[in-house]
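Side chains included, hydrogens not; waters and symmetry mates left out as well; all remaining heavy atoms used. Below, chain A is the first sequence line, B the second, and so on; all start at residue 1.
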There are 2 protein chains.
Amino acid sequence: MRGTRARGATADEAKQATGEACAAPRRTRRRRAAVTLNEVAAGAGVAPIAVSRALNNPASVSPALRSRIEQAVEQLGYVPNRMAGALASARTRVIPVIVPSLSNVVFVEVIEGIQEAVEAQGYQMLLGSTGYDLGHEAALAATLLGWAPPGMMVAGLRHETRTATLLRNAGIPIVEFMETGRAPIDMNVGLSHVRAGAAMAEHLLARGYRRIGFVGLRMKDDYRARQRYDGLRRQLAGKAAVVLFDREGGAGQGGGQQVGWDALPDLLAITPALDALFFANDEMAVGALLRARRDGTDVPGRIAIAGFNGLPIAALTTPTLTTIVSPRKQIGREAAAMLLARIAGREPTTRRLDVGFTLEAGGST
Amino acid sequence: MRGTRARGATADEAKQATGEACAAPRRTRRRRAAVTLNEVAAGAGVAPIAVSRALNNPASVSPALRSRIEQAVEQLGYVPNRMAGALASARTRVIPVIVPSLSNVVFVEVIEGIQEAVEAQGYQMLLGSTGYDLGHEAALAATLLGWAPPGMMVAGLRHETRTATLLRNAGIPIVEFMETGRAPIDMNVGLSHVRAGAAMAEHLLARGYRRIGFVGLRMKDDYRARQRYDGLRRQLAGKAAVVLFDREGGAGQGGGQQVGWDALPDLLAITPALDALFFANDEMAVGALLRARRDGTDVPGRIAIAGFNGLPIAALTTPTLTTIVSPRKQIGREAAAMLLARIAGREPTTRRLDVGFTLEAGGST
DNA sequence: CTGAAAGCGCTTACAG
DNA sequence: CTGAAAGCGCTTACAG
């Protein structure tokens, strides 16, 4: 009987086959000294459910009861157990957000946009960072789904198959944010990095540059940078020479600056014919600008420099840095708005939003 | 009766009528189609508890059972419900971390240190940001405690009384990280911002500066910057003149750069006798350096400039920026190590750790 | 508006 | 090593 028990035996069948009436002896298992809803109810002389209602939907309780309950809550220092509430209602107010990195300003600003929007609706953000590792992303997604969130947000449109399957089958709204380009699992907000690269190509061509280098940092992991390079390369095809430099190092916040700083003299020495460098991000570009400043290298006379992201510092360098501004905070806000709409049972204006970008031409090109 | 019911009329109402003595008719309330542990148990032909054990402590189950269970888990795509587990065990593996802001690199690096350490032990970080609002901090702390975390981390030693009370009474280990100086609620990791200010005072005195300005950004909120100013002021007392400038604006990432950029010409115009400026952070100092560069203002000839934090860019400017390096990642790691030790029932080496700082003298002073 | 009962999906505590 | 029972602290669904 043991091995073949099978299907129907939902062990949920807790038969209360006690000999007597039904009252089994109680064992207590409480480990925390925390005040419970039942204690508040006892304190206020009401039923537990009344406390629940007074807390979650005050209008559904008479003012008299409500004030008695509020007093008891206050006096006992009651803090509701969210896990119990979530388990009972099958609803959490925690929204997981998965990003590749926190040491990249870009994600931080998107996150801020998300947090503002989400908190305004009484939700909490649960942040996970993958370190640009899609395997880690899969593990994170699985764990986070265990909290039965009402929705989820994840950076990027590229995931391992199992991640996509997991998210698709979770039966909750999902927003993939950052780039556009392929069909999302559910909803998508971002910009086309391919088009951004192409836009920079047009700009550099228009200013007369014909021997252009793209400088990336660990491009293997950063596929959005690869997309920008692809856009650049295709747009330049037949019109200018392009070369890709993939640099290593520079982990952590501000690390990109050091990479740009180190790259500039290297590249100029090895490929002296270069007339323009498009860096994968503004941090690297700023590092290169600072290096040029220290070494007395003329920008853009000797070499033009451009970046990507539109960080505030781009407007403060001498010369100012040509860059592409991505509306990061907007991405966060829009992504959150879409998700919250769906969570609330409404249909967002659109499920796929391209927020675009702006090329800010500075003195560095 | 129909109109007032509302709420959650659900789908799968599998009624399992039982006709026994005490067994009341069962109502089912499942709302998600998610696979449960009971279903896995049924699938594997074992008791639910065996599944629980196979997942949480594989060694406690025979290999035969384990592989049957693992197969069922795999096949059904089972994702454990963390809320149920947490409720039953009164244990979560989520550690809340409260910081004032994410748009400040400094906190991001501390957070990274925390995340690395915490994830390595199988815990998850739940991030909350207060926007430098201690009222918001109190609300966040209360909500986060509702998840019955095994411990908690919060930036700073200053909180509203109710926050401190709440945390103290939570009966879990708490680490306050960032600054040292006063008695913590439980544990503390950080550095003395007063001493950091004093160290800069000594440096500026040694280099011959006697008319020194401290430039802060929204100092009302940033009490750590106030501490640095206090340290500076006291150390300079009787030896040099000090003046405090409290600037507004510059919200968000990189906003400080703009503030420094704007401040420099203002301050030089209004208080031309100044010979040195100590900025509350490197971002502002870098903004000022870039402005000096553009305007042709001699640094340090006309005005010396110093910052605080030790961001990588400080080494790349011309001249290089004098700054105080704070070991941010170390703060995060140490704070996490302390907390994890206590969670594991061990006593950390110390409950109060001063990680110190290093003054990096550059060409800007 | 108010409440008694049952159940959410797990784990603990006990027993074999 | 394995399992039956009870309970974690809430909320839903139903009834007055």
Tell me the interatomic distance from [X], atom [atom1], to [N], atom [atom2], rounded to whole angstroms.
{"X": "A/E39", "N": "D/dG9", "atom1": "CD", "atom2": "P", "answer": "8 Å"}
{"X": "B/L87", "N": "C/dG9", "atom1": "CG", "atom2": "P", "answer": "12 Å"}
{"X": "B/M83", "N": "D/dC8", "atom1": "CE", "atom2": "C1'", "answer": "14 Å"}
{"X": "B/N81", "N": "D/dC10", "atom1": "CG", "atom2": "P", "answer": "17 Å"}
{"X": "A/R53", "N": "D/dT12", "atom1": "CZ", "atom2": "P", "answer": "10 Å"}
{"X": "A/N38", "N": "D/dC10", "atom1": "CG", "atom2": "C1'", "answer": "9 Å"}
{"X": "A/L37", "N": "D/dC8", "atom1": "CG", "atom2": "P", "answer": "13 Å"}
{"X": "B/R93", "N": "C/dT11", "atom1": "CZ", "atom2": "P", "answer": "12 Å"}

Name the closest nucleotide to the [X] side chain, picking from [options].
{"X": "B/S89", "options": "D/dT11, C/dG9, C/dT12", "value": "C/dT12"}
{"X": "A/I49", "options": "D/dA13, D/dG9, D/dG3", "value": "D/dA13"}
{"X": "A/V46", "options": "C/dC10, D/dT2, C/dG3", "value": "C/dG3"}
{"X": "B/Y78", "options": "D/dC10, C/dT2, C/dC10", "value": "C/dC10"}
{"X": "B/A88", "options": "C/dA4, D/dC8, C/dC8", "value": "D/dC8"}

It should be established whether [X] places a side-chain nitrogen or oxygen under 4.0 Å from OP1 or OP2 of nucleotide [N].
{"X": "B/S62", "N": "D/dT2", "value": "yes"}
{"X": "B/S52", "N": "C/dT11", "value": "yes"}
{"X": "B/N56", "N": "C/dT11", "value": "yes"}

Tell me, do A/I111 and A/V99 make a side-chain contact under 4.5 Å, heavy atoms counted?
yes
Base of C/dG9, side chain of B/R82 - is there a donor-acceptor contact under 3.5 Å?
no
Applying the side chain to side chain contact (heavy atoms under 4.5 Å, CB included) criterion to A/M152, which one of A/I174, A/L339, A/V175 satisfies it?
A/I174
For A/A84, answer base if it contacts any base atom (sugar-phosphate contacts may also be present), sugar-phosphate if it contacts only those atoms, and nothing otherwise; contact means non-hydrogen atoms under 4.0 Å.
base
After noting the C-alpha distance and the side-chain angles of B/L167 and B/D186, does the key distance pass the side-chain contact (heavy atoms from CB on, under 4.5 Å) rule?
CA-CA 9 Å; B/L167 293 177; B/D186 182 19; over 6 Å; no
For the pair A/N188 and A/F177, evaluate side-chain contact (heavy atoms from CB on, under 4.5 Å) and give the outcome as yes or no after the intermediate values.
CA-CA 6 Å; A/N188 175 231; A/F177 59 93; 5.9 Å; no
Any chance CD of B/E347 has more than 12 other-residue heavy atoms, nucleotides or ligands included, within less than 6.0 Å?
yes
C/dC1 - base-pair partner by Watson-Crick or wobble geometry, distances under 3.5 Å
D/dG16
